Amino acid sequence: MSLRPHLTLGFNIPLKSSFVIPTSSSSLTLTTLFSTTSDPPSSSKTEDAYAKLKMEDLVGLCKRRGFVFQNSELYNGNSGFYDFGPLGSELKSNIKSQFRSQFIHARSDVVSLDSSIISNPKVWESSGHVGGFSDPMSDCKESKKRFRSDQLFWGPVKDEKGDIVCWVCVHEDDTEIMKKEAKKMAKKIIKNEKINVEGRTTIDISTFKDLTFATESDIQNIPSPESLKPTLTMPKDFNLMFSTSVGASSTTPAYLRPETAQGIFVNFKNVMGSSRMKIPFGIAQIGKAFRNEITPRNFVFRSREFEQCEVEYFIPPGDCWKEYHKEWLDFSKNFLLSLGVRDDLMDWDVHSGDGLAHYARACTDVTFRFPFGESELMGIAARGDYDLKAHEEGSGKSLEYYDEETKERYIPHVIEPSLGVDRVFLAIMCSAYAEDEVSGEKRTFLKFKPSVAPVKASILPLLKNKPELVEVAQKLYDELKMRWNVDFDTSGAIGRRYRRADEIGTPFCITVDFDTIEKEGKTVTVRFRDSCEQIRMPIDEVMGFLGKEIDGY
Ligand code: ATP
């Protein structure tokens, strides 16, 4: 359910002007050290490759390297659903296990929960989801396309005297892209309708509003982005919950949960009673959520089935929420940084006024600059006592907390950090994307932090036809795979194997060569993905070295 305030844009677009989409001026420099063995020396300077990365390239990369596939591709797809491949499922699982270790295990005040996806439908009535978990929807009567009304922006095209020439309506997007689209649409409409403007027409998109602000008479003028004619219907609410039926004889619909949070609220008493938690304390849950999004788009950013990591942190009533909210903002941001989400691409979006849900005291989103624009990555909300009160009223059972120290009874208030695993996945892919030059050749690689990298190390015998090397490498691989997802690669020249590992973001390559078996000290080479630096290390120390690099101990 979108809590975002409406967009306001302020630009004058002369129809004949050209637009330049600004790219980030920041640049990254990789320090490349010379290798001690057979890795080609690399000298590299990296511009910020991400600034040039297009969404379709990222989608292609995810498919090619086995991170994400379109669901049911064999049957021409299934809009809004994705399958995570061998590397994607590892990366996702690493994000979730980092959440578990940082938000739950490392804190003595948070415990975990794994509640069911389908609940008694009364849960969703009390929480307000049956009545209000909806987005506004408009249909195009001609093309039969369906739109989220708050994602369509419309406004007039005027001439120099301020008279209206025609109207345009474009999809919400990056400001520059919206300007381009508005200009394109105006040109087409002017041509189709044979309107004489003599090239002086301007589009002032600062006056654009989203379609939910359209009146019955406005809708007669607003063109559909598909038909270019006023064929849109007035916005109406569309409930985003997927319904299903439970059992053979059920008459009332049940719902697939649209968020994990409600499972936490309805178990508040159970968890508190069974785990002797005292306020302040939190319950965290990691799990699937389902929303029948009207227009799933931007790859896994907005899908119909996704995963959430949520914490409901219960606190006393009163002003203390401000302090807790601030604490969770910092904690959440540090978590994202620890996963390798780039700081320079993140920002805060503080909700206020219209953008704040009526029951919320505060809500701040962490946003990320994706290739399609800046959007919400996670939200940290102060929700007051709205949820527990709603379930107390709905169930008729007390959800009060008795504070033994102050002898007070109250309904706890709550701070809710909530993140989408799929969006964090996308932000990590974007943050890790890098290009440089190694030995005169362009290299594309993924700079994953070792803790989230899908494959932690690649074990390489220098030559595949030397059983004495293969045997030692195989033994090392067998030991390491008991603890991490590691790879064993024997095929091709060593340089090509390094490059394969770089492409999928494997942080370390460990090569067993003749020094390993012939010389005292039994050393292997350890090659670092980002710098291409290589060092030698006794084979017995590899496990300890990787432990420190990957797990921090
Ligand atoms: P939006 O405004 O983008 O629809 P929201 O404010 O409705 O998001 P919440 O209900 O606060 O999102 O959900 C918490 C988190 O769950 C979001 O910050 C996001 O990371 C994730 N999320 C929500 N909807 C989706 C979706 N359709 N696909 C993927 N992740 C999602």
Side-chain angles (χ1 to χ4, degrees), residues 1-7 68 71 79-82 84 88 92 95-96 99 103 124 127-129 132-137 148-151 172-173 210 212 238-242 256-264 284-312 328-329 332-333 335-336 339 341 346-351 354-357 359-360 362-368 370 372-383 386-387 414-430:
M1 192 159 36
S2 175
L3 288 176
R4 267 175 301 158
H6 298 295
L7 255 185
V68 185
N71 172 261
S79 173
F81 295 90
Y82 293 92
F84 288 77
K92 235 176 136 188
I95 296 168
K96 290 184 280 180
F99 176 86
F103 277 76
W124 304 109
S127 67
H129 284 80
F133 192 68
S134 53
D135 277 334
M137 178 185 80
R148 232 178 93 171
S149 320
D150 58 345
Q151 290 174 347
E172 177 186 6
D173 213 318
D210 78 52
T212 58
F238 174 78
N239 194 299
L240 299 186
M241 282 199 296
F242 279 101
L256 304 189
R257 69 179 175 203
E259 60 176 34
T260 62
Q262 298 305 321
I264 299 179
Q285 168 146 242
I286 303 170
K288 289 264 186 182
F290 304 83
R291 296 185 188 178
N292 199 1
E293 297 280 357
I294 299 167
T295 47
R297 58 184 186 156
N298 294 327
F299 197 33
V300 298
F301 176 84
R302 186 175 301 287
S303 48
R304 289 178 166 140
E305 175 178 338
F306 54 97
E307 272 185 289
Q308 288 185 316
C309 294
E310 297 195 290
V311 180
E312 301 305 331
W328 280 106
L329 289 179
S332 303
K333 176 88 185 275
F335 171 69
L336 294 168
L339 299 183
V341 179
M346 280 193 277
D347 209 342
W348 300 110
D349 177 14
V350 181
H351 294 217
D354 272 4
L356 200 56
Y359 48 81
C363 182
T364 300
D365 291 340
V366 180
T367 61
F368 184 83
F370 294 99
F372 52 82
E374 187 166 332
S375 288
E376 174 182 335
L377 192 55
M378 71 174 293
I380 300 104
R383 297 176 61 94
Y386 174 82
D387 304 275
V414 78
I415 305 289
E416 180 194 76
S418 168
L419 71 85
V421 179
D422 311 69
R423 288 191 190 178
V424 172
F425 173 97
L426 199 56
I428 290 177
M429 290 297 296
C430 293

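Owing to the predicted nature of the structure, the values given are computational and were not obtained by experimental measurement. Counting convention: from 1, in listed order, for ligands and their atoms alike.
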Under 4.0 angstrom from ligand 1, any heavy atom of Asp422?
no
Do any nitrogen or oxygen atoms of Gly420 lie less than 3.5 angstrom from nitrogen or oxygen atoms of ligand 1?
yes
Using a strict 4.0 Å cut-off to heavy atoms of Glu293, name the atoms of ligand 1 that fall inside it.
26 (C), 27 (N)
Heavy-atom gap Glu259 to ligand 1 smaller than 4.0 Å:
no
When you compare the side chain of Arg257 with that of Gln262, does any pair of heavy atoms fall below 4.5 Å?
no
Are Glu310 and Gln285 close enough that some pair of their side-chain heavy atoms sits under 4.5 Å apart?
no
Atoms of ligand 1 under 4.0 Å from any heavy atom of Met378, numbered from 1 in the order shown, are 18 (O)
Is any side-chain heavy atom of Lys96 closer than 4.5 Å to a side-chain heavy atom of Val421?
yes
For Phe301, the ligand 1 atoms with a heavy-atom partner under 4.0 Å come out as 26 (C), 28 (N), 29 (C), 30 (N)
In terms of relative ring orientation, are Trp328 and Phe103 parallel, tilted or perpendicular, with 30° and 60° separating the classes?
parallel
Which residue from Phe306, Phe299, Phe133 reaches closest to atom 22 (N) of ligand 1 through any of its heavy atoms?
Phe306
Once you restrict to heavy atoms under 4.0 Å, what part of Glu310 touches ligand 1? Side chain, backbone, both or neither.
neither
Would Thr367 and Asp365 count as having a side-chain donor-acceptor pair, cut-off 3.5 Å?
no
Select the closest option to atom 9 (P) of ligand 1 among Arg291, Glu305, Arg148, His351, judged by heavy-atom distance.
Arg291
Ring centres under 6.0 Å, that's the criterion: do Phe299 and Tyr82 meet it?
yes
Would you call the rings of Phe133 and His129 parallel, tilted or perpendicular, taking 30° and 60° as the class edges?
tilted
Close side-chain approach of Phe368 and Arg423, heavy atoms under 4.5 Å:
no
What's the spacing between Asp422 CG and Glu307 CD if we round to 0.5 Å?
6.5 Å
May I ask you to check if ligand 1 and Arg423 share an N or O to N or O distance below 3.5 Å?
yes
What do we get for Arg302 next to ligand 1 when only non-hydrogen atoms under 4.0 Å count, side chain, backbone, both or neither?
both
Once you restrict to heavy atoms under 4.0 Å, what part of Asp365 touches ligand 1? Side chain, backbone, both or neither.
neither
Report yes if Leu419 has an N/O atom closer than 3.5 Å to an N/O atom of ligand 1; otherwise report no.
no
